[in-house]
Amino acid sequence: MSEITNNEEIKEVTKLIKYTTPTGEKTLKVVSTPYPYLQSADKVVLKISVSEGDAKSTDIEDLKNNTGVIEYYEDDELKASFENYTCGSDGLIYGYDSGMYSVSLLRKDATKAAVEKNTSDIEYIAIMNGIELEG
């Protein structure tokens with residue numbers, strides 16, 4: 001996307017998302033500003049558009065491995081952060097049409113995210129205190 005300044009020069013704005021996978025931090029150039037929307041009464045989805053020239057389908061598929069916050073940058077300036085888009089392969093839907101990938105990432109339900117965090121905290125406390133948990 002371009003921005004017109006007072007001198008009517010066209011300046012290209014670089015738009016990126018950064019996210020983390022088990023193999024490290026990843027960066028993906030996006031075409032438009034990512035935005036969340038309510039898909040149904042209980043599903044929030046993050047919509048992302050990526051040009052075929054900036055990514056391969058394997059790069060898009062790697063979003064299912066996201067383990068943390070997705071950060072959106074314009075010209076290296078953080079503009080937005082999106083949390084809990086960590087649903088794995090069940091939470092990634094993407095399509096391809098005319099050189100453009102349309103990506104939808106499902107946000108993890110807040111209750112499920114809280115339960116997972118509490119479970120993780122309990123396991124950590126148990127390990128630190130030498131307590132073996134069942135199951």
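FYI, the numbering just counts along the sequence from 1.
Note that the CZ atom of Arg107 and the OG1 atom of Thr86 stand 10.5 Å from one another [nearest 0.5 Å]. Considering CD of Glu25 and OG1 of Thr20, their distance stands at 5.5 Å, rounded to 0.5 Å. If you take NZ on Lys26 and CG on Leu28, they are separated by 10.5 Å, rounding to the nearest 0.5 Å. Between the CG atom in Leu16 and the CD atom in Glu74 there is a gap of 10.0 Å [rounded to 0.5 Å]. Separating the CG atom in Leu92 from the CG atom in Asn65 is a distance of 9.5 Å, to the nearest 0.5 Å. Considering OH of Tyr19 and CG of Leu63, their distance stands at 4.0 Å, rounded to 0.5 Å.
Proximity of a side-chain donor or acceptor of Asn129 to a complementary backbone N or O of Ile125 within less than 3.5 Å is detected. In this structure, Asp90 contributes its side chain and Cys87 its backbone to no donor-acceptor pair below 3.5 Å.
For the pair Thr21 and Asn66, the minimum side-chain heavy-atom distance is 4.5 Å or more. Between Ser81 and Tyr72, the closest side-chain pair of non-hydrogen atoms is not below 4.5 Å. Between Tyr85 and Val44, the closest side-chain pair of non-hydrogen atoms falls below 4.5 Å.
Hydrophobic clustering of Ile, Leu, Val, Met, Phe, Trp and Tyr side chains at less than 4.5 Å, counting indirect connections, unites Ile60 with Phe82. In the hydrophobic cluster analysis, where Ile, Leu, Val, Met, Phe, Trp and Tyr join through side-chain heavy atoms closer than 4.5 angstrom, Val103 is grouped together with Leu38.
Taking all atoms of both residues into account, the shortest heavy-atom contact from Val50 to Lys29 is CG1-O, 3.5 Å. Pairing each heavy atom of Pro34 with each of Ile48, the nearest pair is CB-CG1, 4.1 Å. For the residue pair Leu46 and Pro36, the shortest heavy atom distance occurs at CD1-N, 3.8 Å.
Exactly one of Lys15, Lys18, Lys79 qualifies for a side chain to side chain contact (heavy atoms under 4.5 Å, CB included) with Tyr73. That residue is Lys18.
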Original post:
Passes side-chain contact (heavy atoms from CB on, under 4.5 Å), Leu105 versus Ile70? Steps please.
Top reply: CA-CA 11 Å; Leu105 284 174; Ile70 295 174; 3.6 Å; yes

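Under 4.0 Å is where a charged nitrogen must lie from a carboxylate oxygen, and between Lys11 and Asp75 at least one such pair does.
Pairs engaging residues 92-102 under the side chain to side chain donor-acceptor pair (under 3.5 Å) rule: Lys47-Ser102, Glu52-Tyr96, Glu61-Tyr94 [sequence neighbours left out].
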